[in-house]
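Note on naming: letters A, B, ... go to the chains in the order of the sequence lines (proteins, then strands), and numbering restarts at 1 for each one.
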There are 2 protein chains.
Amino acid sequence: MQTSDLKKAGLKATLPRMKILNFLESSRVRHMSAEEVYKAMLEAGEDVGLATIYRVLTQFETAGLVTRHHFEEGHSVFELNLGEHHDHIVCVKCGHIEEFFDPTIEERQHKIAEEKGFDMTDHALYIYGICAQCKKEA
Amino acid sequence: MQTSDLKKAGLKATLPRMKILNFLESSRVRHMSAEEVYKAMLEAGEDVGLATIYRVLTQFETAGLVTRHHFEEGHSVFELNLGEHHDHIVCVKCGHIEEFFDPTIEERQHKIAEEKGFDMTDHALYIYGICAQCKKEA
DNA sequence: AAACGGAATGAGAATTTTTCGCATCTTGAG
DNA sequence: CTCAAGATGCGAAAAATTCTCATTCCGTTT
């Protein structure tokens with residue numbers, strides 16, 4: 001990451017913002033709550049206040065750097081945007097998440113929004129189920 | 001509604017549960033938060049505790065009488081099940097909700113779950129946008 | 001129809017998640 | 001280097017939801 005990435009997004013390049021963006025880019029976990037980001041960063045020795053994590057993640061979302069998801073857990077989950085849009089299939093047993101992209105569905109969604117007279121701004125598709133691993137273990 | 005509806009769902013037919021089911025069936029608003037149900041029932045003279053509303057709506061969800069949605073507002077929204085599955089397109093300006101059903105999307109979803117090795121238990125598709133009315137007003 | 005046991009309710013306390021207020025500190029412009 | 005605007009940190013405050021536990025209700029058994 002670079003300070004220029006933040007500036008391009010219209011955000012001042014402050015230390016906490018750099019640290020958070022940095023952390024998201026280096027994290028192998030792609031979907032995290034604000035709390036999880038906070039704790040993981042603490043463990044990594046980066047002490048950024050929880051309120052700041054919330055504020056910055058919301059700014060990142062507005063700037064399009066990050067996507068906020070509302071899974072079924074009662075809190076927001078954030079994911080760094082890596083360019084390509086995709087949807088999610090979530091295991092209701094173990095929380096395992098896989099991503100997919102389906103052009104047919106995308107196209108139908110646009111058509112539906114159009115038919116209903118909406119200007120689509122966003123969309124979210126979540127498939128819930130039991131993953132292969134959990135099926136085996138059951 | 002009948003006490004038998006609750007019994008069929010495996011729930012004891014208590015007065016609060018009857019009142020809530022009754023209320024949902026008679027409400028013209030189809031998507032409501034627990035808080036909204038609570039307040040609307042109060043105004044209608046039905047005093048059921050908020051904690052009970054939460055408990056009962058969760059039980060109804062488990063029993064399949066009701067569906068819980070996670071829109072972008074940070075709280076759960078409940079909808080009485082009327083048989084046919086459908087998805088939602090939500091106006092991000094005024095909160096207006098329309099429902100739709102698209103067989104092509106449904107089919108693709110099943111196929112995707114299968115490909116990924118999941119047993120699909122549920123799925124949720126939300127399209128967000130600006131509705132025709134709000135576009136006019138802007 | 002009276003009695004009983006287990007489950008359900010109500011009210012408020014407690015949790016959890018997220019936002020706010022404000023004093024202090026940084027960033028970026030000049 | 002200086003300064004103002006904006007950002008951060010911390011704790012308080014909100015908002016959403018769950019929990020605790022004493023009391024009440026439901027359905028079954030006498």
Side-chain angles (χ1 to χ4, degrees), chain A residues 1-23 31-42 45-63 65-79 95, chain B residues 1-23 31-42 45-63 65-79 95:
Chain A
M1 62 69 238
Q2 304 285 331
T3 68
S4 57
D5 292 338
L6 288 173
K7 299 223 176 118
K8 242 178 284 173
L11 296 169
K12 234 166 48 170
T14 67
L15 206 50
R17 294 214 261 245
M18 295 289 281
K19 285 182 179 174
I20 294 170
L21 184 52
N22 227 19
F23 171 78
H31 303 87
M32 306 184 79
S33 68
E35 188 88 32
E36 285 167 346
V37 171
Y38 173 68
K39 285 186 181 154
M41 287 186 69
L42 259 193
E46 302 287 16
D47 192 343
V48 177
L50 181 55
T52 300
I53 304 264
Y54 273 103
R55 274 184 299 233
V56 169
L57 286 175
T58 301
Q59 294 156 354
F60 282 5
E61 183 194 13
T62 304
L65 294 174
V66 136
T67 299
R68 180 195 302 257
H69 296 290
H70 300 87
F71 295 140
E72 293 187 338
E73 302 122 19
H75 57 247
S76 294
V77 171
F78 299 86
E79 168 182 21
Chain B
M1 61 71 239
Q2 305 284 333
T3 68
S4 57
D5 292 338
L6 288 173
K7 298 222 176 115
K8 241 178 286 172
L11 296 170
K12 233 170 33 172
T14 67
L15 206 50
R17 295 213 261 241
M18 295 289 281
K19 284 181 179 175
I20 294 170
L21 184 52
N22 226 19
F23 171 79
H31 304 86
M32 305 183 79
S33 68
E35 188 87 32
E36 284 167 346
V37 170
Y38 173 69
K39 285 186 181 155
M41 288 187 69
L42 259 194
E46 303 287 15
D47 192 344
V48 177
L50 181 56
T52 300
I53 303 265
Y54 272 104
R55 273 185 299 234
V56 169
L57 286 175
T58 301
Q59 293 157 356
F60 282 6
E61 183 195 12
T62 304
L65 294 173
V66 136
T67 299
R68 181 196 301 257
H69 296 291
H70 300 87
F71 295 139
E72 291 187 339
E73 302 121 19
H75 58 248
S76 294
V77 170
F78 299 86
E79 169 181 21

What's the shortest heavy-atom distance between B:Leu6 and B:Ala13, and which atoms?
CD1-CA, 4.0 Å

What verdict does the side chain to side chain donor-acceptor pair (under 3.5 Å) test give for A:Thr52 and A:Arg55, after you've listed the backbone C-alpha separation in whole Å, the side-chain angles of each residue and the deciding distance to 0.1 Å?
CA-CA 5 Å; A:Thr52 300; A:Arg55 274 184 299 233; 3.3 Å; yes

Starting at [atom1] of [X] and ending at [atom2] of [N], how long is that distance when rounded to a whole Å?
X	N	atom1	atom2	answer
A:His75	D:dT18	NE2	P	13 Å
B:His70	D:dT17	NE2	P	8 Å
A:Glu72	D:dT17	CD	P	14 Å

Sequence-distant partners of [X], side-chain contact (heavy atoms from CB on, under 4.5 Å), two or more places apart:
X	answer
A:Ser33	A:Glu35, A:Glu36, A:His75
B:Tyr54	B:Ala34, B:Leu50
B:Thr67	B:His69, B:Asn81
A:Leu42	A:Tyr38, A:Asp47

With heavy atoms under 4.0 Å as the rule, sort A:Ser33 into base, sugar-phosphate or nothing.
nothing

Rounding to the nearest 10°, end axes of the helix from C:dA1-D:dT30 to C:dG30-D:dC1 built from five pairs each make an angle of 30°

Which letters describe nucleotides 23-30 of chain D, given B = protein heavy atom under 4.0 Å from base, S = only from sugar-phosphate, - = neither?
---BS---

Report yes if the side chains of A:Met32 and A:Val77 come closer than 4.5 Å at any heavy-atom pair, otherwise no.
no

Does anything in residues 6-17 of chain B form a side chain to side chain donor-acceptor pair (under 3.5 Å)? List the pairs, not counting sequence neighbours.
B:Arg17-B:Gln59

side-chain N/O B:Ser76 vs D:dA16 OP1/OP2, d < 4.0 Å
no

Kindly state each residue pair satisfying salt bridge (Lys or Arg N to Asp or Glu O under 4.0 Å) with at least one member in residues 65-75 of chain B, sequence neighbours excluded.
B:Glu61-B:Arg68

Qualifying residues under ring pair (Phe, Tyr, Trp, His ring centres under 6.0 Å), relative to A:His70, sequence neighbours excluded:
none

First and last nucleotide of DNA chain C touching chain B, 5' to 3', heavy-atom cut-off 4.0 Å?
C:dG6 to C:dG12

For DNA chain D, find the residues of residues 52-62 of chain B with a heavy-atom distance under 4.0 Å and give them by number; none if there aren't any.
B:Tyr54, B:Arg55

